[in-house]
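Here is the structure we will look at, set down as C-alpha cells.
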Amino acid sequence: MTKQRRSFTPEFKREAADLMLKQNYSYIEASRSVGLGESALRRWR
C-alpha cells in the first residue's frame, strides 16, 4: 500500500505562512496549528 502525497492550495500555503510572518508564530507553533510538518512550512516561507 502506497502513501499518497497531500496537496495544498496556494491560499492554504499563504495562510500558514502568514501565521509566522504576520502573527509571529514560530515554525513549530504554526505547523502544529495547521497540521503540517515543520519542514513543509519552512519551504513555503
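Sequence positions, counted from 1, serve as the residue numbers for this chain.
In terms of heavy-atom proximity, Ser31 sits nearest to Leu41 at N-CD2, 3.5 Å. Looking at every heavy atom in both residues, Arg6 comes nearest to Leu36 through NH2-CD2, 3.5 Å.
Legend: residues meeting side-chain contact (heavy atoms from CB on, under 4.5 Å) with Arg43, ordered by chain and number and at least two apart, are Ser39, Ala40. Under the salt bridge (Lys or Arg N to Asp or Glu O under 4.0 Å) criterion, Glu15 pairs with no residue at all, not counting sequence neighbours. Arg42 is linked by a side-chain hydrogen bond (donor to acceptor under 3.5 Å, both in side chains) to Glu38, counting only residues two or more places apart in sequence or in another chain.
Each ring-ring contact (aromatic ring centres under 6.0 Å, His included) pair with one or both residues in residues 2-34, not counting sequence neighbours, appears once here: Phe8-Phe12, Phe8-Trp44.
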Just distance, no hydrogens or angles: give the donor-acceptor pairs under 3.5 Å from side chains in residues 16-23, sequence neighbours left out.
none

